[in-house]
Every structure is written in C-alpha cells, then in structure tokens.
Chemist: 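What follows is a single structure, and I will ask about it in a moment.
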Amino acid sequence: MSNAAKKINLNLKVWRQKNAEDKGYFDVYKAEGIDQDASFLEMLDVVNEGLSKQGKDPIAFDHDCREGICGMCGAVVNGHAHGPKAKTTLCQLHMRTFSNGQTLVIEPFRSRALPVQKDLIVDRSAFDRVIASGGFISVRTGSVQDANNIPVEKKSADLAFDAASCIGCAACVAACPNASAMLFVSAKVSHLALLPQGQPERSRRVLGMVEQMDTEGFGNCSNEYQCEAACPKGISVQNIARMNRDYAHARFTSED
Amino acid sequence: MLKKYLSSSIGKKQIVALTGLAMVLFLLAHLAGNLLIFKGADAYNAYAAALKEFGALLWVARLGLIAMFFIHFVFIFLLVKQNRQARGVQYSEPLHANTRSLSTKLMPVSGTILLAYIITHLMDFTFTHSNIANATVCGDYLGLYGLVVNHFSNPFGSLWYVIAMFAVGFHLTHAVQSVAQTFGWNNSKYTPFIKKTSVVVGIGIAAGFAAVPIYVFFLACGTSSCTLG
Ligand code: HEM
Ligand code: FES
C-alpha cells in the first residue's frame with residue numbers, strides 16, 4: 001500500500017461570529033490540498049494558516065488534547081454533532097470520512113444555555129455550574145483508604161465507569177432537538193449514584209443538579225435519543241432513565 | 001415539594017407520561033366497546049345503555065378523563081414552549097436527519113391532530129344524541145348504532161376518523177415505550193420487549209378503531225347496506 005495520502009479539496013461554509021453579542025453569519029472558504037490522513041481540526045489549522053497569511057481573522061475553535069479525551073473540541077458538521085462518524089470527537093475525525101469536492105457546513109453547538117463566544121467556540125460554564133450543584137462527593141482527603149475496602153459489584157462498577165467516561169463536550173445538547181442536557185447531567189448523576197461512595201449525597205445531588213440544569217435554560221428531554229447517537233463516548237440513555245427515577249424518588253422521599 | 005416537582009423538567013415529563021398512560025388505558029377499554037359493533041346493533045346499543053346505567057359514576061369517569069387530557073395538554077404546552085426556546089439560533093442543516101424516528105419527531109403534530117379530532121369526536125358522538133333523523137338505517141331506527149353507521153357512510157366522516165387513527169398510531173408507537181423511559185425503566189433485558197409492545201399497542205389501537213369506519217364504509221354501505229342491523 002502506498003503511504004502517499006490522497007489530497008482532497010473541500011468547500012467550507014463556516015459560522016463566523018465576532019463575540020457573544022454579534023449576530024453572526026456564514027462565510028465560505030476553500031480548503032485545498034487537504035491530506036486525507038489529517039484530522040478535522042488539522043484541516044481547520046490549514047485553512048486558518050491561509051487566512052492568517054491573508055491578514056484575515058482565523059476561524060476560532062476550541063481544542064486541547066486532540067486525542068478525544070478532554071471534551072474541548074466540537075462543532076456541528078452537516079447536521080451532525082462532531083461530524084458524521086459515530087463515537088468520534090471532532091479532533092479524532094479524519095478527513096478520509098469526506099470526499100473530494102464535498103461541501104461542509106460547520107456550525108457551533110447551538111443552545112441558549114451554552115452561548116457562542118466566538119465562531120465555533122461555545123461557553124460551557126453552565127455545565128460547570130451543574131457539576132458544582134452536586135456532581136461530587138464530599139470526602140476527607142489525605143491518607144488513602146485501603147484498596148478493596150469498599151466492595152463494589154462488578155456490574156455496577158462497569159456501568160459507573162461507562163457513565164464516567166463522559167467528557168462533557170456538550171454534543172448531547174447540540175444534537176438534542178430540544179437542546180436538553182439530560183445525557184450529560186444523567187451521566188454525572190449516574191456514575192456517582194452507582195457507587196457506594198455516592199450514596200450519602202445521592203438525593204441532594206440529583207435534586208441539585210436537575211434544578212441547576214433547568215435554571216440554565218436547557219430544554220426538556222423528549223426521549224428522541226439523538227444525544228446517544230451523537231455522543232462520542234457512547235453514553236447510554238439508560239442513564240437518563242436512572243436519573244428520572246432517582247429524581248422522582250428523591251423529590252418525594254428525601255428532606256433535601 | 002410538589003411545586004418543585006411540577007416545575008422541574010423531569011416532573012413535568014412524568015405528569016405527561018402519567019396522564020398519557022391513563023388515556024391509553026381508557027382507549028383500550030373504549031376499543032373493546034367499539035368492537036361490539038361487529039356483533040350487531042343489539043349488542044352495541046346494549047353496551048351503550050349499560051354504560052349509561054352507571055349514571056353519576058360515568059360522569060366521574062368522564063371528568064377524570066377530561067382532567068387527564070387537559071393536564072396532558074397543559075404540560076406538553078409548557079414543555080414544547082421551553083424546548084423551542086432552548087435552541088436559540090436554529091441550525092442551517094437538518095439535525096441528525098437519519099437517526100430521528102418519524103413517530104418521535106411528529107409527537108407534537110400527531111398530538112395536535114388528536115386535539116382537533118377529539119373535539120369533533122365529542123361533537124359527533126357524545127353531544128349528538130341519536131334520533132329518528134340521524135340514526136335511521138334503511139327505515140329502521142337503530143339508536144347509537146344507526147348514528148355510527150350513518151356517520152361513517154359519509155366518506156368525510158370515515159376519512160377524518162381514519163386520519164385521526166393514523167395520528168393515534170404514530171403517537172402511541174412512540175409514547176408507550178417513552179413512558180417506561182420517563183419513569184426510569186430502561187434496562188437491556190426489558191427495553192427491547194417494551195419497544196415492541198409499544199409498536200403493537202400503537203398499531204393495534206389504531207387498526208382496531210379504524211376497522212369500524214372501514215367496515216361500515218366498504219362493507220356495510222352501498223348495495224348491501226340494508227342487510228345490516
Ligand atoms: C391534546 C392532544 C395531545 C397533544 C398535543 C399531545 C402531545 C404530546 C407530545 C408533544 C408528547 C411528547 C412529550 C415529550 O416527550 O416531551 C406526548 C407524549 C405522550 N402522549 Fe400525547 N398528546 C395529546 C393527546 C394524547 C392522547 C389522547 C394520548 C393517549 C391516548 C396521549 C398519550 C401520550 C403518551 C402516553 C405520551 C408519552 C409520554 C412520555 O414521553 O413519557 N397523548 N403527547
Ligand atoms: S480536543 Fe480533546 S476531545 Fe477533541
């Protein structure tokens with residue numbers, strides 16, 4: 001097999017927006033001679049280099065790890081959060097997914113609760129506030145506990161781990177027809193609710209986090225499951241079900 | 001506590017699910033009654049008369065049903081309004097076009113058709129009492145049975161009913177399994193079964209109800225109409 005990767009040309013239609021107050025608009029760019037082994041973000045790097053050389057403002061986008069684990073990157077490409085490939089973040093999406101001459105419409109994740117700051121960058125502090133309202137356990141830090149001191153059932157450990165693999169990228173909000181954050185919040189509620197360490201604050205956690213989620217102005221879940229389809233980590237909507245029953249239970253039984 | 005529950009997204013959803021489920025149970029009972037039309041005028045009219053026997057109790061049930069309907073509608077209205085606001089700026093490309101199921105996407109549409117349908121349905125069959133003018137088939141006065149037959153002999157009456165039953169089918173195909181999720185019942189063991197049940201209930205209820213106008217219009221009317229009764 002030859003190592004020389006195929007080069008492709010693409011037409012980009014990209015959302016440009018100066019700042020949070022700006023109305024924003026779509027601009028068109030040509031991405032030429034793009035290596036098919038490049039990632040989506042590297043493709044944008046190439047386009048931005050060209051823009052910078054012309055003295056134009058490069059397209060702003062968020063990123064950090066570029067290996068699919070930090071949750072910073074993300075955009076909606078042709079109507080798909082993180083692009084058309086399942087269980088893949090934008091930074092791990094490679095240009096071989098696209099064909100020569102294709103037009104890509106690139107938009108920021110859209111929701112009122114996570115407003116656009118600039119171009120493709122959204123402000124996800126609403127997620128931080130949801131976590132701060134209960135997505136933690138209060139423990140004494142310091143000396144480490146003995147390993148295996150607290151027995152955890154294998155099945156629960158697996159489910160908790162699956163839920164904890166949420167990277168908080170907000171693709172679920174972007175993909176939900178109602179811009180609901182239920183998949184994110186339920187993953188964070190679930191990974192602690194499934195473990196013994198999460199039990200003492202279980203009620204307070206789900207009540208606090210759901211209340212904050214609603215306050216932030218996310219939409220309501222209508223069981224469309226587009227979040228699950230878009231999630232780069234394959235977080236299951238079973239977490240949403242778990243949160244639904246935990247919430248009702250906590251609301252009617254706890255004194256929090 | 002209840003106030004916080006009812007103003008939360010999850011609480012509102014669960015109220016919608018609870019009232020929706022109550023209406024589904026009502027529909028199943030209603031369907032069982034309707035299918036008596038295939039046994040003929042006597043069985044059908046006797047069933048209607050037996051219901052009337054309940055008197056005050058019937059009204060309690062009716063008011064309960066109206067309450068369920070009203071609450072369902074009000075909470076849906078609130079949810080849908082918030083959902084529309086939550087996006088802010090719309091996407092230019094259709095979102096995840098190939099993974100959205102039609103029945104799910106159309107919930108507000110099928111629901112609105114149901115709203116319109118239920119109003120006409122009440123006017124046609126609940127508030128219109130059978131009399132000689134509207135319930136006589138081929139010279140025989142047949143009571144409620146006659147009213148139904150005459151109503152469905154009219155193509156518009158049948159067509160509107162069948163359209164509404166498509167809406168019911170779509171609504172419930174999504175709705176029944178959705179109720180399980182909304183109350184937190186989703187696991188790998190039972191969910192596939194619940195989803196199948198939802199499709200069966202949705203199509204079953206729609207087909208069962210639609211069988212009546214189709215039977216009346218195609219089989220009972222026309223040339224053989226006077227063989228009925
Ligand atoms: C006024 C007319 C109606 C409207 C506008 C309406 C609308 C809706 C909508 C938009 C949903 C989705 C809610 C969501 O997921 O956020 C829904 C759910 C539902 N509807 Fe209706 N509907 C109507 C009448 C009915 C009737 C007559 C029934 C029963 C026969 C019914 C049963 C259900 C059920 C069981 C659900 C599922 C709740 C859930 O997702 O957990 N609806 N309705
Ligand atoms: S940049 Fe870290 S997940 Fe994409």
Side-chain angles (χ1 to χ4, degrees), chain A residues 13 15 17 23-24 26 76-81 84 86 105 107-108 110-116 173-182 206-207 210-211 213-214 217-226 228-230 236-249 251-252 255, chain B residues 1-18 75-76 78-101 103-105 107-108 174-191 194-195 198:
Chain A
K13 201 177 143 197
W15 183 257
Q17 183 173 335
K23 263 196 77 118
F26 278 104
V76 171
V77 182
N78 291 352
H80 293 273
V105 180
E107 309 176 66
R110 295 202 186 279
S111 67
R112 189 166 291 231
L114 312 174
V116 173
V173 179
C176 174
N178 313 324
S180 163
M182 289 283 276
V206 68
L207 295 177
V210 169
E211 192 166 336
M213 171 184 85
D214 291 344
F218 292 106
N220 308 290
C221 177
S222 55
N223 301 339
E224 297 239 13
Y225 302 161
Q226 297 312 298
E228 188 182 77
S236 161
V237 293
Q238 287 184 357
N239 292 299
I240 297 182
R242 184 177 297 105
M243 179 162 80
N244 286 341
R245 63 175 185 262
D246 264 24
Y247 179 80
H249 186 262
R251 207 19 110 216
F252 290 110
E255 293 175 2
Chain B
M1 183 180 76
L2 195 61
K3 197 166 152 237
K4 276 198 165 165
Y5 177 74
L6 292 181
S7 58
S8 74
S9 55
I10 297 178
K12 285 196 285 262
K13 265 291 287 189
Q14 291 181 341
I15 296 297
V16 166
L18 196 69
F75 278 88
I76 286 295
L78 296 172
L79 287 170
V80 171
K81 191 163 148 250
Q82 286 176 336
N83 292 347
R84 299 266 147 97
Q85 285 168 346
R87 176 105 292 145
V89 180
Q90 293 302 314
Y91 288 111
S92 81
E93 291 294 296
L95 198 54
H96 287 254
N98 40 10
T99 44
R100 280 186 84 182
S101 89
S103 59
T104 309
K105 194 157 63 179
M107 285 304 273
H174 168 78
V176 173
Q177 54 84 33
S178 187
V179 170
Q181 168 78 3
T182 302
F183 280 105
W185 193 23
N186 180 340
N187 67 40
S188 318
K189 197 168 162 195
Y190 296 112
T191 298
I194 295 171
K195 288 199 169 158
S198 194

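Naming: A, B, ... by sequence-line order, numbering from 1 per chain. Side chains are part of it too, since the values below use all heavy atoms of this structure and drop only hydrogens, waters and symmetry mates.
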Chemist: If I measure from the heavy atoms of chain B, does A:Met213 come under 4.5 Å with its side chain, its backbone, both, or neither?
Modeler: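 It is the side chain, since no backbone atom gets that close.
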Chemist: Which one wins on heavy-atom pair count under 4.5 Å against chain B: A:Ala175, A:Gly217, A:Ser236, A:Ala81?
Modeler: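 When all of A:Ala175, A:Gly217, A:Ser236, A:Ala81 are compared, A:Ala175 has the most.
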Chemist: Quick one: does any side-chain atom of B:Tyr91 pair with a main-chain N or O of A:Arg110 as donor and acceptor, under 3.5 Å?
Modeler: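 Yes; at least one donor-acceptor contact below 3.5 Å.
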Chemist: With chain A as the partner, which of B:Ala180, B:Ser178, B:Ser92 has the greatest number of non-hydrogen pairs under 4.5 Å?
Modeler: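 Heavy-atom pairs under 4.5 Å are most numerous for B:Ser92.
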Chemist: Please identify, among B:Arg84, B:Lys105, B:Glu93, the residue contributing the most non-hydrogen atom pairs under 4.5 Å to chain A.
Modeler: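 Max contact count across the listed options: B:Glu93.
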Chemist: Tell me, side chain or backbone of B:Thr191 under 4.5 Å from chain A's heavy atoms, or both, or neither?
Modeler: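 B:Thr191 has no heavy atom closer than 4.5 Å to chain A.
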Chemist: Shortest non-hydrogen contact from B:His96 to A:Ala230?
Modeler: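 Residues B:His96 and A:Ala230, closest heavy atoms: CE1-CB, 3.5 Å.
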Chemist: Could you go through the side-chain contact (heavy atoms from CB on, under 4.5 Å) check for A:Ser222 and B:Met107 one step at a time?
Modeler: CA-CA 9 Å; A:Ser222 55; B:Met107 285 304 273; over 6 Å; no
Chemist: Just so I understand: if I count every heavy-atom pair under 4.5 Å between each of A:Pro115, A:Ala229, A:Cys176 and chain B, which residue has the most?
Modeler: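 Most heavy-atom pairs under 4.5 Å with chain B: A:Cys176.
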Chemist: Specify which of A:Ala248, A:Ala241, A:Ala179, A:Ser111 makes the most heavy-atom pairs with chain B at under 4.5 Å.
Modeler: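 With the most close heavy-atom pairs to chain B, the winner is A:Ala241.
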Chemist: Compare every heavy atom of A:Val210 with every heavy atom of B:Ile10, then report the nearest pair and how far apart it is.
Modeler: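 Result for this residue pair: CD1-CG2, 3.9 Å.
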Chemist: Counting only heavy atoms closer than 4.5 Å, note whether B:Tyr5 contacts chain A via side chain, backbone, both or neither.
Modeler: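 For B:Tyr5, backbone and side chain are both near chain A.
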Chemist: Given heavy-atom pairs under 4.5 angstrom as the criterion, report whether the side chain, backbone, both or neither of B:Gln177 touches chain A.
Modeler: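 Answer is side chain: those atoms of B:Gln177 sit under 4.5 Å from chain A.
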Chemist: Is it the side chain or the backbone of B:Lys13 that comes within 4.5 Å of chain A heavy atoms, both, or neither?
Modeler: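 Contact with chain A involves the side chain of B:Lys13 alone.
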Chemist: Can A:Asp214 and B:Ser8 be counted as having a side-chain donor-acceptor contact under 3.5 angstrom?
Modeler: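 A:Asp214 vs B:Ser8: no donor-acceptor pair found between side chains.
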Chemist: Can you tell if the side chain of B:Gln181 reaches within under 4.5 Å of the side chain of A:Ile240, non-hydrogen atoms only?
Modeler: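 Contact flag for B:Gln181/A:Ile240 side chains = yes.
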Chemist: Taking all heavy atoms of A:Gly219 and all of B:Ala86, pick out the closest pair and write down the distance.
Modeler: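 In terms of heavy atoms, the two residues are closest at N-CB, 3.3 Å.
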Chemist: Would you call B:Arg100 and A:Glu224 a salt bridge, taking side-chain N to carboxylate O under 4.0 Å as the test?
Modeler: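 Yes, this pair counts.
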Chemist: With the side chain counted from C-beta on, respond yes when B:Ser188 and A:Gln238 share a heavy-atom pair under 4.5 Å apart, and no when they do not.
Modeler: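 They are in contact (side-chain heavy atoms under 4.5 Å apart), so the answer is yes.
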Chemist: Check B:Asn83 against A:Asn220 and note the closest heavy-atom contact, atom names and distance.
Modeler: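 Minimum heavy-atom contact is OD1-N, 2.7 Å.
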Chemist: Determine whether a donor-acceptor pair (N or O, by modelled atom type, separation under 3.5 Å) exists between the side chain of B:Gln85 and the backbone of A:Arg112.
Modeler: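 Not a single qualifying donor-acceptor pair exists.
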Chemist: Decide yes or no for B:Asn98 and A:His80: does some side-chain heavy atom of the first lie under 4.5 Å from some side-chain heavy atom of the second?
Modeler: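 B:Asn98 reaches A:His80 side chain to side chain.
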Chemist: Counting only non-hydrogen atoms closer than 4.5 Å, does A:Tyr247 touch chain B with its backbone (N, CA, C, O), its side chain (CB onward), both, or neither?
Modeler: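 Side chain of A:Tyr247 only, per the 4.5 Å heavy-atom cut-off to chain B.
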Chemist: For the candidates A:Lys13, A:Arg245, A:Arg242, A:Arg251, which exhibits the highest count of non-hydrogen atom pairs separated by less than 4.5 Å from chain B?
Modeler: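 Answer, by heavy-atom pair count under 4.5 Å with chain B: A:Arg251.
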Chemist: Relative to chain B, which of A:Ala113, A:Pro84, A:Ala174 shows the most heavy atom pairs under 4.5 Å?
Modeler: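 Most heavy-atom pairs within the cutoff with chain B belong to A:Ala174.
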Chemist: Counting only heavy atoms closer than 4.5 Å, note whether A:Val237 contacts chain B via side chain, backbone, both or neither.
Modeler: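 The answer is both parts of A:Val237.
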Chemist: For A:Phe26, look at atom CZ and say whether over 12 heavy atoms of other residues, nucleotides or ligands are found less than 6.0 Å away.
Modeler: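 It does: A:Phe26 CZ has more than 12 such atoms within range.
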Chemist: In terms of heavy-atom proximity below 4.5 Å to chain B, should A:Phe252 be classed as side chain, backbone, both, or neither?
Modeler: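 When you check distances to chain B, atoms from both the backbone and side chain of A:Phe252 fall under 4.5 Å.
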